[in-house]
Protein chains: 2
Amino acid sequence: MRVRVALPSGRADRVEPKARLTVDRIVDAAMELMKREGYDNVSMRSLARELDTGPASLYAHVANKDELDQYVIDRISGMLEIPDPDPDRWQEQLKELMRGMLQLFREHPGSARAAMGMIPTMEGGLRAAEGMMAIAIAGGVTPQAAAWFCDLSAAYVGAIAYEESIWTARENSTAAGEQPDHAAIDEQLRTFVEGMGDRFPVLVRFATELTAGGGDDRFEFGLDVLISGLAAVSKRYS
Amino acid sequence: MRVRVALPSGRADRVEPKARLTVDRIVDAAMELMKREGYDNVSMRSLARELDTGPASLYAHVANKDELDQYVIDRISGMLEIPDPDPDRWQEQLKELMRGMLQLFREHPGSARAAMGMIPTMEGGLRAAEGMMAIAIAGGVTPQAAAWFCDLSAAYVGAIAYEESIWTARENSTAAGEQPDHAAIDEQLRTFVEGMGDRFPVLVRFATELTAGGGDDRFEFGLDVLISGLAAVSKRYS
DNA sequence: CCTCGCGAACGAACAGTGTTCGTGTCAAGT
DNA sequence: ACTTGACACGAACACTGTTCGTTCGCGAGG
């Protein structure tokens with residue numbers, strides 16, 4: 001009987017080969033890290049550590065951090081639920097879209113900053129824009145007003161989400177993704193304004209209103225203003 | 001006759017002593033550098049070089065970069081021209097305030113980002129808020145709506161300015177402070193969308209509207225929407 | 001089978017960031 | 001004279017995005 005001696009191959013002592021890098025794997029890792037630590041803390045190095053590689057390897061798949069940002073934001077935008085247009089409810093539907101987008105930013109802490117100034121060029125973002133245009137136009141908004149409203153609403157939601165993320169980071173007191181404690185912020189402001197004496201009489205007089213309401217109240221006010229305004233001025237743009 | 005020999009004092013061979021650092025001098029230097037290179041390129045190190053000192057010296061006067069940001073934004077806000085309230089023109093006056101703020105951001109490239117999420121706590125910013133509240137209330141807006149509109153308008157103008165600065169930095173083709181070439185940006189988008197085939201029929205159909213107009217057209221549309229919306233919904237908030 | 005070319009992987013290094021720590025100097029007060 | 005507090009600031013820390021140069025693996029072609 002012959003015994004076959006198995007000689008180790010050149011790789012016999014290596015651990016299982018690492019999975020090959022792909023953009024999807026990089027984005028997956030970014031999403032995971034963002035949920036844990038916020039997108040501000042996602043660097044090429046932290047990503048590389050998460051993927052058990054070196055930061056330079058990432059550049060074989062994404063041109064730079066900006067391009068990675070685009071993939072990440074597109075992934076998030078792709079999660080937006082987009083209703084079928086209902087002409088009788090177009091205003092509420094636009095509000096729902098904007099609430100949905102804000103919620104996604106909240107669930108992905110720190111991502112709003114990466115979204116600022118970004119024009120959708122990938123499927124997820126285009127889908128969202130397509131949905132908004134379809135709803136507005138089904139509701140009788142002129143195409144020009146609808147088109148520009150896409151910009152406006154994205155700027156507004158992005159700005160609110162970004163501001164929230166700034167507050168969250170500053171306070172360091174709420175878990176990533178939670179709404180900032182607007183009451184505490186405004187209490188600081190109230191105290192400050194009430195110490196102003198005669199310098200700012202209107203601010204002092206209305207300190208209560210200035211500091212009333214939380215982030216959601218203010219966001220909903222903004223939605224009311226934006227949607228009512230769109231309905232009021234649409235016909236001027238055609 | 002006695003000749004008096006002037007012995008050099010301990011400092012005779014030193015150049016003129018450096019002017020003592022102050023917050024104002026630091027902010028002056030930041031403003032100067034911002035005009036030349038954009039605020040994104042103003043670092044503690046570049047500031048220290050401009051002031052002929054070391055970066056650590058700055059921390060004797062400002063707690064950190066964030067605090068410096070507050071001083072800088074307050075300086076800029078303080079330049080805003082604030083009209084006396086005229087109840088018959090309150091809507092146009094609010095628009096003027098917002099245009100004025102956008103113009104200041106444009107003249108101070110890169111500053112919008114520092115302004116995001118910032119609550120006014122210094123004279124300049126409080127003055128602007130005081131002016132806006134006074135105009136809105138003189139025009140019959142309820143105090144609650146006026147108060148929340150201060151947030152909304154600051155978020156909107158800040159977001160637009162920030163987006164513009166992002167475009168400017170990306171294009172690298174316009175001088176600091178100039179409006180980004182929106183037409184070129186949108187031409188890219190038009191080309192892209194027209195290659196979409198059947199995926200996004202509404203976007204394809206209205207590609208012309210989506211890409212029409214420059215930054216000012218879009219900003220003015222936003223002002224129309226916001227101000228008309230405020231007028232329409234104000235009474236709901238009281 | 002062998003060789004070559006290409007793309008992926010990735011360490012080392014670059015140039016930069018905000019900030020802290022430790023030390024020296026100066027001015028004012030005792 | 002001595003002490004104390006504030007300012008000034010170099011050295012260093014821990015980190016950032018990115019490039020350059022080298023190696024490796026794979027597939028195609030001879």
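Below, read A as the first sequence line, B as the second, and so on, with proteins coming before strands; counting in each chain starts at 1. Note: hydrogens, waters and symmetry copies are ignored here, and every other heavy atom, side chains too, is used.
Under 4.0 angstrom from either OP1 or OP2 of D/dA8 there lies at least one side-chain N or O belonging to B/H61. For D/dA8, the OP1/OP2 oxygens have no side-chain nitrogen or oxygen of B/S57 closer than 4.0 Å.
Atom CZ in A/R49 sits roughly 15 Å away from atom C1' in C/dC10 (whole-Å rounding). The CE-C1' distance, from A/M44 to D/dT19, rounds to 12 Å in whole Å. We find that CG of A/D52 is positioned 13 Å from P of C/dA9, with the value rounded to whole Å. One interatomic measurement links the two molecules: CG of A/L51 to P of C/dG11, which rounds to 13 Å at whole-angstrom precision. The nearest whole Å value for the distance from the OH atom in A/Y59 to the P atom in D/dT16 is 11 Å. At whole-Å resolution of the value, CG in A/L47 and C1' in D/dT18 are 15 Å apart. Atom CG of B/N41 is separated from atom P of D/dG17 by 17 Å (rounded to the nearest Å). Going from atom CZ of A/R20 over to atom C1' of D/dC26 covers 8 Å, rounded to whole Å.
A salt bridge links A/E123 to B/R199: one of the charged nitrogens lies within less than 4.0 Å of a carboxylate oxygen. Between B/E220 and B/K95 there is no salt bridge, since none of the side-chain N atoms of the basic residue sits less than 4.0 Å from a carboxylate O of the acidic one. A salt bridge links A/R106 and A/D216; the closest N-O separation between the charged side-chain nitrogens and carboxylate oxygens is under 4.0 Å.
Heavy-atom distances under 4.0 Å link DNA chain C to no residue of residues 64-72 of chain A.
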Using residues 38-51 of chain A as the side-chain source, report each donor-acceptor pair under 3.5 Å to any protein atom, sequence neighbours left out, with the distance given to one decimal.
from  : atom 1 : to    : atom 2 : distance (Å)
A/Y39 : OH     : A/D69 : OD1    : 2.7
A/N41 : ND2    : A/E37 : O      : 2.8
A/S43 : OG     : A/R45 : N      : 3.4
A/S43 : OG     : A/S46 : N      : 3.0
A/S43 : OG     : A/S46 : OG     : 3.4
A/S46 : OG     : A/N41 : O      : 3.4
A/S46 : OG     : A/S43 : N      : 2.8
A/S46 : OG     : A/S43 : O      : 3.1
A/E50 : OE1    : A/R36 : NH2    : 3.2
A/E50 : OE2    : A/R36 : NH2    : 2.7

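Donor-acceptor pairing under 3.5 Å, judged by distance alone, is present between the side chain of B/R45 and the base of C/dG18.
Ring centroids of B/F200 and B/F206 are separated by 6.0 Å or more, keeping the two rings apart.
One N or O on the side chain of B/S165 and one on the backbone of B/Y162 form a donor-acceptor pair closer than 3.5 Å. A/R218 places no side-chain N or O within donor-acceptor distance of the main-chain N or O of B/W148, the cut-off being under 3.5 Å.
Heavy atoms of B/S43 sit under 4.0 angstrom from primed sugar atoms or phosphate atoms, though from no base atom.
When the nucleotides C/dA8, D/dA8, C/dA12 are ranked by their closest atom to the side chain of B/A60, D/dA8 comes out on top.
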